[in-house]
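Start at 1 and go down the list; that is how both ligands and their atoms are numbered. Residue indices begin at 1 and follow the sequence shown.
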Amino acid sequence: MALIVHKYGGTSMGSTDRIRNVAKRVAKWVRAGHQMVVVPSAMSGETNRLLGLAKELSPTSVTPAVMREMDAIAATGEQVSVGLLAIALQAEGMEAVSYAGWQVPVATDSSFTKARIESIDDVRVRADLAAGKVVVITGFQGIDPEGHVTTLGRGGSDTSAVAIAAAMKAAECLIYTDVDGVYTTDPRVVPEARRLSTITFEEMLEMASLGSKILQIRSVEFAGKYRVPLRVLSSFTPWDIDITEEAASGTLITFEQEDENMEQAVVSGIAFNRDEAKVTLLGVPDKPGIAFQILGPVAEANIDIDVIIQNVSHDGKTDFSFTVHRNDYARTMELLQNTVGPATNASKVMGDPKICKVSIVGIGMRSHVGVASKMFRALSEEGINIQMISTSEIKTSVVIDEKYMELAVRALHKAFDLDQEQAATA
Ligand code: ADP
Ligand code: ASP
Ligand code: MG
């Protein structure tokens, strides 16, 4: 008998019919002899609806006090889901009990709207499992040291499920969603995208951090740190499909070192991110310490910086650009215009919120040259101008005008043969 964690996303929980289907599927796993912990998200659209209500009453102000209430409000979406799913499981003849994060408890820090899980006490859950119950635990939420309800950031139910699986040393964590696995890129953007039967943990981490929303990045970090066997699969297969077939479907995140002899695709996937904005300081003095003088105050304001570029200097002056999350764009511009720009004698501060970042990811890039240039050629053939470039061992990212995003993703998908059964190999 194995302990298994199932996570069901918003679409999978989107109606009472779908919740009934989830319950039937979980009941099938129980009947096959497994102990089951189930982590559902709020019903689809619900978190947006709840946060929208909060925004109506406080359109601009996101003070810590407002953020505390936003978490209290958003957390109710998952609370409804767990109750409904527990009832549906009981209707299937199961003994089932639901818990909100604070009841487990799932302990987090106090960073409202993006809290981090610190520990999970599994005593109560284990006792229920031992008594033969299915335990249904809210995704996306926890409780901070002062007893405030917190949420883990959008898409955070993935992280709840993996963290619970890690804490309880579950045999596997299955992430059920509205696609049947991890694809070479978002199939909503490129219909020719193909499902990957496996993806390495490192690649998944890059894909998630570069904007692919199929898994929240922290869930992948947890899976890596605690070696949680993780699989992404569809909740839309018939609930009564053969359990062995279901357990082998979707995409498995693998941890093994790649087989040296195995032909490895150079590029495994393409990620994109519309959530960034670019800011530029023109004509700052090119002298030691200038990067710190610019980025120090930005970091102090708790603004995360992503891609950075500094031009070659002319007459002792240089231009300096970097990207930030689009939510931080207005704050960053204000800081540069009022403080950093004058302090560094910048001749001008410029900003562009309409950019996006497109990235190619693959561990095959380690052992292969010319991958980035192939990327740049494919983009130039489409007349797409590259504004910034950033690379690591297994990814190359470019910042481009937002209006070319889909074109760029499709062109790169084709250039690296990702629509073919056998992608270009290293
Ligand atoms: P859930 O509500 O189940 O958590 P999400 O909407 O968070 O579902 O994630 C699933 C969605 O992720 C898919 O519908 C798909 O459009 C999108 N997606 C983005 N990148 C990928 C990818 N590489 N492979 C599969 N799906 C992807
Ligand atoms: N309901 C939350 C959200 O919409 C968490 C999740 O779905 O993973 O972001
Ligand atoms: Mg999700």
Is it true that [X] and [Y] make a salt bridge, defined as a side-chain N closer than 4.0 Å to a carboxylate O?
X	Y	answer
D401	K403	yes
R188	E406	no
R218	E221	no
R231	E172	yes

Item to check | Flag, side chain of R116 to backbone of T108, donor-acceptor distance under 3.5 Å | outcome: no
Next on the checklist: Below 4.0 Å from ligand 2: does a non-hydrogen atom of G155 turn up there or not?
Outcome noted: yes
Next on the checklist: Just to check, does E78 reach to within less than 4.0 Å of ligand 2 when the distance is taken from its heavy atoms?
Outcome noted: yes
Next on the checklist: For atom 7 (O) of ligand 2, tell me which residue out of G45, S41, G156 has the closest non-hydrogen atom.
Outcome noted: S41
Checklist outcome for this item: Of Q216, K213, R154, the residue with the heavy atom nearest atom 4 (O) of ligand 2 is R154
Next on the checklist: For residues 33-53, which residue pairs pass the ring-ring contact (aromatic ring centres under 6.0 Å, His included) check, not counting sequence neighbours?
Outcome noted: W29-H34
Next on the checklist: For ligand 1, give me the residues whose heavy-atom distance to it is below 4.0 Å, by chain and number please.
Outcome noted: K7, G9, G10, T177, D178, V179, G181, V182, Y183, T185, D186, P187, R188, M207, S212, K213, I214
Checklist entry - Purely on distance, is any nitrogen or oxygen of K7 under 3.5 Å from one on ligand 2? => result no
Item to check | Any N or O of S157 closer than 3.5 Å to N or O of ligand 2 | outcome: yes
Next on the checklist: Does any part of the side chain of T254, heavy atoms only, come nearer than 4.5 Å to the side chain of I199, both counted from C-beta?
Outcome noted: no
Checklist outcome for this item: With sequence neighbours left out, the residues meeting ring-ring contact (aromatic ring centres under 6.0 Å, His included) with F272 are none
Item to check | Counterpart residues, side-chain hydrogen bond (donor to acceptor under 3.5 Å, both in side chains), relative to N327 (two or more places apart) | outcome: none
